[in-house]
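Single-structure report; data block below.
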Amino acid sequence: MIYDPFEAFRAEVHNFIRNSLESLYPEVSSKVVISLEDPPPGHGDLAFRCFEVARHLGVSPEEVSKAISSRAKEFTFRYVSKVVSESGYVNFYMNLDEVVSLMCSTLNDLGEKFGFNPAPHTHTVLVEFLSANPIHPIHIGGARNAILGDSLSRLLTWRGHKVLRHFYVDDVGRQVAIAAFGFNLLGRPSPWTKPDHAIGYIYALTSSLIEVCRLKESLKRAKALGKDDYYRAKVSKLDEWMRVIIELKERNPSLFEVFIDKFEKVKDPEAEIRALMKRYEAKDPEAVDLIRGMCNLVLSGFKQTLDRAGIYFDSFDWESEITVWSGLVIDVIRKLEATPYVTYSDGALVFMANRLVRDFDLADELKIPKNYEVPSLTLIRSDGTTLYTTRDIAYTLWKFKRADKVINVIGVEQKITQLQLKLALIALGYKSLAENLVHFGYELVNMPGYKMSSRRGRYITFDELMEEAVKKAKAEVDTRSPHLPIEVRRSIAEKVGIGAIKYAFLSVSSLKPVTFRWSKVLNFERNSAPFIQYAHARAFNILTKAGVRSIPHEINPSLLRTDAERDLLVRLIRFPRIIAEAADKLRPDLVAEYANDIAISFNSFYDKVPVIRSESEDLRNARLWLVNVTRIVLRNSLNILGIAAPQRM
RNA sequence: GGCCCCGUAGCUCAGUCAGGAAGAGCGCCGGCCUCCUAAGCCGGUGGUCGUGGGUUCGAAUCCCACCGGGGCCGCCA
């Protein structure tokens, strides 16, 4: 069974080069890594660069490329039709008849699943993503995470891996306790709006008021001590938080009044929050009822959002249950204590990550910069409670009971923590697990002139994002396709709007900080999901009009003579290759770029070449075949990106 | 202070891992709907690849220094 027709061509080229180097330059052939690249348009389908070989030999690259290409005459190729030496490169042209014949057999085997390209060794991969704090709505940063995680998961599935999508519900931390404290103070009201938005408001309000209390306390002390600079700094901070509180008041004045009233009667909110955290870790039923009740409300809001976005999870893993109540985290701590890398410092238990790095000389392997000292990690606070990363060590072990590889989709700001996590695994003797733990980092999303902050209740939610995009898409559909029934137009707008958002996040490298701009997300032209979706709808339309039954299983590629046809065909052949590369490198953006290229190629073809009214029946069939493959490739690419492929627009 | 990421066309970004042929989209200018959906197509415009050194026959890509933007260095997550 052949999954990747292009690979046959590539392998033949690779083989030829290896063979040529061995017979022409036996002294250097072992030193050279043969890497093949895509030549610029008009220079064939694969290129070999001769500069490295030439350097070893002390001759010109042209001499090498000529020597290699002249050997082609003695070689019997199946998938290569032409070998040309050009300015130090050997360019290889595909034998379309043979490669397309392979492609036909792949298509006949896989049908609509064309592109599926299993890795030589497949694994069970657990992808943890989103894991948004269950105390506020998913905002645009979370949207980026969710969209990336979803697409990565889909991509790995297309590479034959078994993928488990996990959401880690961080219900043990301090933030949850703050929100729960506020929620309880209000008498655990039933949400007056979407539940995650309601709790988000309560959380912002509670945490802002607590911040203000803290600042007032430190102001008093600063005044008593006469520290003027410090005092002024605190005053300006206090001012800022007071503005936040005024903002929050304006958003819901009546609830605000009720809350303030109750909050002021609490003597020491800080102590209550700490107590709540301790009670929850101890699984006190009352605390469990409160916190679980609130988290479940927020999660029900998350599920609504994710449902609309077409993003799903196989499992929601409660941190409390898996790590604390099960005793797993205590277990892990005991085992760590038995290593030489843990010590007590001011009553807290600390993991000396850097000593481990030094003892085992791990810096190179883990790509830790020279002379960089990995910070120590506090495992247990002096009050006996555990910290997030400590629990995460336990959670990671839990994950590896279920998977061979673990990918964490987490912001790059947690890079050090993720490194400490890996080091903790090594300290525990699980080096092989550490090697299979991947931090898929992504940069944060910024707003121009707006500082986003969950604690301040300042964020753009995923819900708003979808609402806006769908609204804009609806207006477009209404003007372009007024004849369609309203339900159809709505459904198209939903697919187009949400697709546009996803594409906007997926088409840039995850390590690029994104400055959020509506104009980018609401771009429906080239280099956008709607552009690709449109090409798909056009392809679908041709097939519908032609009558789907008439698509042939085999074609003669020599019928496809124009540049537009050949260009499209040659790109389509590469689809399985792109999936393999994107999956192995964890680069969904490669699929986004590829799909956009196919759409460009297809639109050009669409404009220049008639399909239904081709000159002959054979030609018509060949073109229908091409259109059908385009449709499959576009739809599957969009599927990998988590974007719907509408049949009309 | 130490470390990490980013800096490529007016704007948003590919290309940097493995040095060798600067590339999209938006914008701007001009053309194309008696013909399968114009969310389209065709042509044009536009770049000291942050700056300065170094290595090399050859640097956007590797090394060093610096500049600008962001992040991290918590008994937060």
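Below, chains carry the letters A, B, ... as their sequence lines are ordered, and counting in each starts from 1. A quick note: this is a predicted structure, and the numbers were derived from the prediction, not measured.
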query = With both distances kept under 3.5 Å, what pairs with B:G7, Watson-Crick or G-U wobble?
reply = B:C67
note = With the side chain defined as heavy atoms from C-beta on, A:F531 is closest, among B:G25, B:C41, B:C36, to B:C41
key: Nucleotide B:C76, atom C1' - distance to CZ of A:R274 in whole Å   = 15 Å
query = Can you tell me how far P in B:U56 sits from the matching atom in B:G7, rounded to whole Å?
reply = 27 Å
request  = Looking only at side-chain atoms of A:V611, point me to the closest of B:C42, B:C36, B:G40.
outcome  = B:C36
ask   = If you check the A:E476 side chain, which of B:A39, B:C35, B:A24 turns out closest?
value = B:A39
Whole angstrom value for the distance that separates C1' of B:A39 from CZ of A:F602 = 14 Å
query = Contact class for A:I612 (heavy atom, under 4.0 Å): base, sugar-phosphate, or nothing?
reply = base
ask   = Is the aromatic ring centre of A:Y89 closer than 5.5 Å to the centre of the six-membered base ring of B:A21, with the two planes inclined by less than 30°?
value = yes
task = If a protein heavy atom is under 4.0 Å from the base, mark B; if only from the sugar-phosphate, S; if neither, -; do that for nucleotides 13-19 of chain B going 5' to 3'.
result = SSS--S-
ask   = For A:E565 and A:F605, what are the C-alpha separation, side-chain angles and deciding distance, and is it a side-chain contact (heavy atoms from CB on, under 4.5 Å)?
value = CA-CA 6 Å; A:E565 287 162 299; A:F605 160 82; 3.6 Å; yes
From CA spacing to verdict: side-chain contact (heavy atoms from CB on, under 4.5 Å), A:V488, A:R648 = CA-CA 9 Å; A:V488 175; A:R648 52 185 167 177; 4.0 Å; yes
inquiry  = Over all strands shown, is A:A535 touching base, sugar-phosphate only, or nothing at heavy-atom distances under 4.0 angstrom?
reply    = nothing
query = Counting side-chain heavy atoms from CB outward, which of B:C75, B:A39, B:G20 is closest to A:F51?
reply = B:G20
query = Between A:D383 and A:R381, is there a salt bridge with N-O shorter than 4.0 Å?
reply = no
Atom-pair distance (CD on A:E52; C1' on B:G58), nearest Å = 14 Å
request  = Give a yes or no on whether A:K474 atom NZ has more than 12 heavy-atom contacts from other residues, nucleotides or ligands under 6.0 Å away.
outcome  = yes
message = Starting the side chain at C-beta, find the nucleotide from B:C36, B:A24, B:C76 nearest to A:K545.
response = B:C36
Distance in angstrom units between A:L511 CG and B:G69 C1', rounded = 16 Å
For B:C73, glycosidic torsion class - syn if within 90° of 0, otherwise anti = anti
Phosphate OP1/OP2 of B:C42: any A:S604 side-chain N/O under 4.0 Å = yes
C1' gap between B:C62 and B:C17, integer Å = 11 Å
task = Compare the minimum distances between each of B:A39, B:A21, B:C5 and the side chain of A:E443, then state the nucleotide with the smallest one.
result = B:C5
ask   = With no hydrogens and no angle check, do the side chains of A:N408 and A:K399 hold a donor and an acceptor under 3.5 Å apart?
value = yes
query = Side chain of A:P375: nearest nucleotide among B:C41, B:C73, B:A39?
reply = B:C73
task = Would you mind classifying the nucleic acid contact of A:Q414 as base, sugar-phosphate or nothing, using non-hydrogen atoms under 4.0 angstrom?
result = base
message = Need one value for A:N91: base, sugar-phosphate or nothing, where a base atom within 4.0 Å counts as base even if backbone is also close, heavy atoms only.
response = base
message = Does A:V627 reach a base, just sugar-phosphate, or nothing at all? Heavy atoms under 4.0 Å.
response = nothing
key: Under 4.0 angstrom between A:R381 side-chain N/O and B:C76 OP1 or OP2   = yes
query = Which part of the nucleic acid, if any, lies within reach of A:V496 when heavy atoms closer than 4.0 Å are counted: base, sugar-phosphate only, or nothing?
reply = base
message = Going by purine N1 to pyrimidine N3 plus the second Watson-Crick contact, or the G-U wobble pair, all under 3.5 Å, which nucleotide sits opposite B:G47?
response = none
request  = Report yes or no: does A:S131 contribute a side-chain atom to a donor-acceptor pair with the main-chain N or O of A:Y168 at less than 3.5 Å?
outcome  = yes
note = Partner of B:C75 under the Watson-Crick or G-U wobble criteria, both distances under 3.5 Å, comes out as none
ask   = Under 6.0 Å between ring centres, would you say that holds for A:Y89 and A:F51?
value = yes
Note, A:T562 side chain near A:K608 side chain (heavy atom, < 4.5 Å) = no
message = Which residues pass the ring-ring contact (aromatic ring centres under 6.0 Å, His included) test with A:Y280, not counting sequence neighbours?
response = A:W325
inquiry  = Base, sugar-phosphate or nothing for A:S60? Non-hydrogen atoms, less than 4.0 Å.
reply    = nothing
ask   = Looking at B:C4, B:A39, B:A38, which one has an atom nearest to any side-chain atom of A:K415?
value = B:C4
request  = Send over the distance from A:E413 CD to B:C3 P, rounded to a whole Å.
outcome  = 21 Å
message = Measuring only the C1' atom in each nucleotide, how far is B:C32 from B:G46? A whole number of Å is fine.
response = 23 Å
request  = Kindly point out which of B:C75, B:G40, B:C73 is positioned nearest to the side chain of A:I416?
outcome  = B:C73
query = OP1 or OP2 of B:A39 less than 4.0 angstrom from a side-chain nitrogen or oxygen of A:Y534, does that happen here?
reply = yes
Integer-rounded Å distance: B:A38 P and A:K608 NZ = 15 Å
Integer-rounded Å distance: B:G74 P and A:D346 CG = 14 Å
ask   = Counting just side-chain N and O atoms, does A:R174 come under 4.0 Å of either OP1 or OP2 of B:C76?
value = no
ask   = Is B:G23 paired to anything, Watson-Crick or G-U wobble with both distances less than 3.5 Å, and if yes, which nucleotide?
value = B:C13
message = Looking at A:D584, I'd like to know if its CG atom is crowded, meaning that more than 12 non-hydrogen atoms belonging to other residues, nucleotides or ligands lie closer than 6.0 Å.
response = yes
task = Both distances under 3.5 Å, Watson-Crick or G-U wobble: report the partner of B:G30, or none.
result = B:C42
ask   = Say you pick atom P in B:A59 and the same atom in B:G54; how far apart are they, in whole Å?
value = 12 Å
key: Distance-only donor-acceptor check, side chains A:D567 and A:S601, under 3.5 Å   = yes
task = Please report, rounded to the nearest Å, how far the C1' atom of B:G1 is from the CD atom of A:E373.
result = 13 Å
